[in-house]
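For clarity, every value in this text was computed on a predicted model and none was experimentally measured.
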Amino acid sequence: MHDDLLVVEDLSVRIDTSRGPLDAVQGVNLRIPRGGSLGLVGESGSGKSVTAMSITRLLPRRSVHVTSGRILLEGRDLTSLSERQLRGVRGGQVATIFQEPMTALNPVFTIGNQMAEPLRRHMRLGRRAARDRSRELLDMVGIRQSARMLDSYPHQLSGGMRQRAMIAMAMSCEPALLIADEPTTALDVTTQLQILDLILDLQAEHGTSVLLITHDLGVVAQTCDDVAVMYGGTIQETAAVQDLFDRPQAEYTKRLLSFMPEGRSRVADALDLDDSAAPAETPEPKESQPSPEDAPPLLEVRDLVKTFPGQRIGGRRSEPVQAVRGVSFAVPRGTTVAIVGESGSGKSTTGRALLRLHEPTSGAVRFDGQDLLSLDEARMRQMRARMQIVFQDTYASLDPRWLIGRTLAEPLRLHTDMTSVQIEERIAEVLTLVGLEPDHADRFPHEFSGGQRQRIGIARALMLDPDLVVCDEPVSALDVSVQAQVLELMKDLQERLGLTYVFISHDLSVVEMMADHVVVMSHGQVVEQGNTTEIFTRARHPYTRALLAAVPVTDPAQRHNRSQRREIVERGIAAAG
C-alpha cells in the first residue's frame with residue numbers, strides 16, 4: 001500500500017508550435033497523499049493545466065509530447081499505458097472537472113445521457129440502474145428536481161448547475177483522484193463557495209484525493225492541504241498551505257501574495273461571523289450619498305427600468321423580462337461608484353442603459369445636468385464622446401481584422417476634425433498613457449496578452465478625453481498580477497485625468513480597492529447602497545453579507561469559519577428571492 005496516491009516525477013512536456021517546440025513543463029515533481037488535496041497555483045501560461053491534463057493524456061497527441069518523467073497512480077506508471085488501458089483509468093480511477101462545463105458537455109445529448117455513459121462503461125450498470133444512480137448523484141450535489149434535470153440539455157442549465165452536473169458526473173464512479181481544473185473561475189463568488197464546499201464534502205465522504213488547479217490563492221487557502229506554485233513551466237515552491245502563506249520562500253510566491261486584494265484579508269473581520277450585525281428585518285435601500293454641496297453629481301439615475309420584450313419561440317412569445325427595476329443612484333464627479341451583484345442581477349444592463357446602449361424603458365438619466373433620455377440620436381452620439389465604456393472581454397470587443405491603431409483612430413474620425421497626423425499623435429499619447437508602446441498601434445489584437453488587450457480597451461475609452469467611463473467587469477478574466485496592474489492603472493488615470501467611473505463587478509475585494517460608493521443589486525433591484533466603508537463594515541442587507549461571506553479569504557486559519565460563511569450565503573440568497 002502506497003502512502004501517496006499520485007506521484008509525478010521529473011515530468012517534462014513539449015508542445016509543437018508554429019514557431020518551433022515549446023518546453024511547457026520542465027522537471028515537475030508532485031505528490032498527493034490518499035485523501036489529501038494539492039493546489040497547483042500559477043498564472044495563465046505557467047504550465048499548470050498542461051501538467052494536470054498530462055496525467056490522463058487529455059492533450060492532443062500529435063502536438064503534445066511527454067519527453068521525460070513518470071506519473072505513478074497507486075504505483076502504476078500511467079505514461080507506459082496504451083490508449084486502451086488509459087481509457088479504463090479515465091473516468092474510473094481518475095476524473096476531471098473542467099473549467100468551462102458548457103464546452104466540456106456535449107450540447108446535443110441530455111445531462112442524463114452523458115451521466116449514464118461512465119456508469120455503464122466503468123460500473124457495468126444497465127440503462128435503468130444508470131439512470132437511477134444518476135438521479136442519486138444529482139441529489140447528492142444539491143440539484144433539485146433531479147428527474148427533470150436528467151432530461152435537460154446543457155444550454156438549459158445555469159453556469160452553477162452545469163458545474164454541479166459536471167461534479168456529479170466526475171464522482172459517479174467514485175474515483176481515487178479528482179482533477180479540478182479552474183472549476184470555479186467563471187462562476188459568481190456565492191456559487192464558487194457552494195461548489196468548493198461541495199467538492200470538500202465529497203472528498204471527506206469518499207476519501208477522494210484532489211488536485212485543484214487555480215490562479216486564485218484565496219481559493220487554495222480555503223480548500224487545500226498543500227500548495228505547489230508554478231511559473232514558466234517549473235515548480236517554484238511546494239509547501240503546506242499554512243506554511244506557504246506564513247513563510248513563502250520563492251520570490252515569485254511572495255509576488256503573487258502581494259498582488260492579492262487587501263480586502264480579502266479583512267472580509268471575515270468585517271462580517272462579524274456571528275451574524276449579530278444583521279438586522280432582524282430587511283432595511284429599505286439607502287438613498288445615495290450626495291455629491292459635494294457646491295456641485296451637482298456628474299451622473300444621476302432615477303427609477304431606471306429596462307424591460308426586454310419576450311421572444312417568439314415555436315409560435316409562442318415568452319414573457320417580457322424586467323432586467324432593471326427602479327434603480328436610483330448618483331455619481332459625484334471624480335469618484336468611483338461600484339455596482340455589484342451576481343450574474344443576472346442587472347448590473348451590466350444598468351451600465352449599458354446609462355449610455356443608452358440598451359434603451360431604457362422608463363426612468364431618468366441625467367449627465368452633467370442634461371436629460372439623456374430626451375436626446376435624439378444625433379445629439380446622443382455627440383454626448384457619447386464624453387461617456388465611454390470598457391468591456392469585460394476586450395478580445396471580443398476588438399475587431400480581429402483591424403490593427404489597433406485603426407481601432408483607436410475610429411472614435412477620433414467620428415467625433416473630431418483632427419488631421420491624420422494629429423490622430424497618430426493622439427494614439428501614441430494615449431498608448432503611452434496606459435503603459436503601452438506607440439508602435440503597438442501596428443499590431444492586431446491576437447498579438448497581445450489579456451492584460452495588454454485590457455489596456456487597449458482602456459485606451460480606446462480615453463481617446464476622446466471623456467468625463468465618465470463605465471467599466472463592465474474590466475479585470476474579472478485576468479490573472480491576479482495583471483489584475484492588480486490594471487486596477488492601479490485605472491486609479492492613476494482617475495487621479496491624473498479627473499475621470500469618473502461606474503465600476504461593475506461581482507468581486508467585492510476588488511470593489512473595496514476601487515470604489516468610493518457601492519450599489520448592491522439583485523434581481524434587477526438595488527437592495528442596499530452606501531459608501532464603501534459602510535458596506536464593508538456595517539452591511540445591513542443579508543444579500544450584501546452573502547457577497548462578503550463568499551469572497552475567498554487569503555488566510556488558511558479562517559478555514560474553520562466555512563460553515564458559518566455558508567450559512568450567511570444561503571440566508572442572503574434566500575432573502576434576495
Side-chain angles (χ1 to χ4, degrees), residues 141-145 158-161 163-164 184 187-198 222 263-264 266-288 303-306 321-329 337-350 504-509 511-512 515 517-553 561-577:
V141 298
I143 294 180
R144 300 174 183 175
Q145 298 179 318
S158 68
M161 288 297 104
Q163 198 61 289
R164 286 175 185 268
T184 62
L187 302 178
D188 292 314
V189 286
T190 52
T191 307
Q192 173 180 265
L193 178 70
Q194 295 168 337
I195 294 298
L196 292 175
D197 279 347
L198 174 60
Q222 295 302 304
R264 290 194 173 193
R266 294 194 291 267
V267 165
D269 294 334
L271 266 177
D272 186 17
L273 286 171
D274 64 5
D275 214 22
S276 61
E281 299 180 359
T282 298
E284 292 295 319
K286 288 182 61 174
E287 287 297 317
S288 58
D303 299 321
L304 184 68
V305 174
K306 175 57 184 177
V321 176
Q322 195 171 45
V324 179
R325 299 186 285 174
V327 167
S328 300
F329 61 90
V337 170
I339 306 177
V340 303
E342 299 174 287
S343 297
S345 63
K347 59 187 186 296
S348 290
T349 302
T350 298
I504 299 166
S505 179
H506 66 269
D507 189 341
L508 280 173
S509 62
V511 164
E512 188 194 32
H517 187 89
V518 181
V519 177
V520 184
M521 289 188 66
S522 176
H523 298 292
Q525 293 182 304
V526 176
V527 297
E528 181 171 8
Q529 60 177 297
N531 68 55
T532 303
T533 300
E534 289 177 341
I535 292 295
F536 273 80
T537 60
R538 295 186 296 277
R540 301 183 303 159
H541 195 281
Y543 180 71
T544 308
R545 296 174 60 77
L547 292 179
L548 286 165
V551 175
V553 182
N561 291 325
R562 288 190 67 87
S563 60
Q564 294 168 281
R565 293 171 61 208
R566 187 192 306 185
E567 290 177 7
I568 294 173
V569 169
E570 291 173 350
R571 189 158 52 243
I573 292 174

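S348 meets the side-chain hydrogen bond (donor to acceptor under 3.5 Å, both in side chains) test with D472; sequence neighbours excluded. Residues passing the side-chain contact (heavy atoms from CB on, under 4.5 Å) test with T190 are D188, E342, L547, A550, V569, I573, sequence neighbours excluded. Contacts of T349 classified as side-chain contact (heavy atoms from CB on, under 4.5 Å), with partners at least two apart in sequence or in another chain: K306, F308, A323, V324, H358. A search for side-chain hydrogen bond (donor to acceptor under 3.5 Å, both in side chains) contacts involving Q163 returns nothing, not counting sequence neighbours. Partners of R566 under the salt bridge (Lys or Arg N to Asp or Glu O under 4.0 Å) rule, at least two apart in sequence or in another chain, are D197, D201.
Judged by distance alone, with hydrogens and angles left aside, the side-chain atoms of K347 form a donor-acceptor pair with the main-chain N or O of G341 at under 3.5 Å. Proximity of a side-chain donor or acceptor of N561 to a complementary backbone N or O of Q564 within less than 3.5 Å is not detected. Between the side chain of R565 and the backbone N or O of V551 there is at least one donor-acceptor pair closer than 3.5 Å. Proximity of a side-chain donor or acceptor of S505 to a complementary backbone N or O of V340 within less than 3.5 Å is not detected.
The two residues R540 and R545 make their nearest non-hydrogen contact at O-CD, 4.5 Å. In plain terms, the two heavy atoms of F329 and V337 that are nearest each other are CD1-CG1, 4.3 Å. In this structure, V518 and A515 approach most closely via the heavy-atom pair CG2-CB, 4.3 Å. In plain terms, the two heavy atoms of T532 and H517 that are nearest each other are OG1-N, 3.5 Å. Closest non-hydrogen pair, V305 versus G326, comes out as CG2-N, 3.6 Å. Taking all atoms of both residues into account, the shortest heavy-atom contact from I535 to Q529 is CD1-C, 4.1 Å.
Note that OH of Y543 and NE2 of H523 are 7.0 Å apart. Values are rounded to the nearest 0.5 Å. Separating the CD1 atom in I568 from the CG atom in L548 is a distance of 9.0 Å, to the nearest 0.5 Å. Note that CD of Q192 is 3.5 Å distant from OG1 of T184, once rounded to the nearest 0.5 Å. Interatomic distance, T191 OG1 to M161 CE, rounded to the nearest 0.5 Å: 7.5 Å. Rounding to the nearest 0.5 Å gives a distance of 16.0 Å between NE2 of H506 and CE of M521.
Two residues are said to be in side-chain contact when any heavy atoms from C-beta on lie closer than 4.5 Å; R164 and L198 meet this criterion. For the pair V520 and H541, the minimum side-chain heavy-atom distance is 4.5 Å or more.
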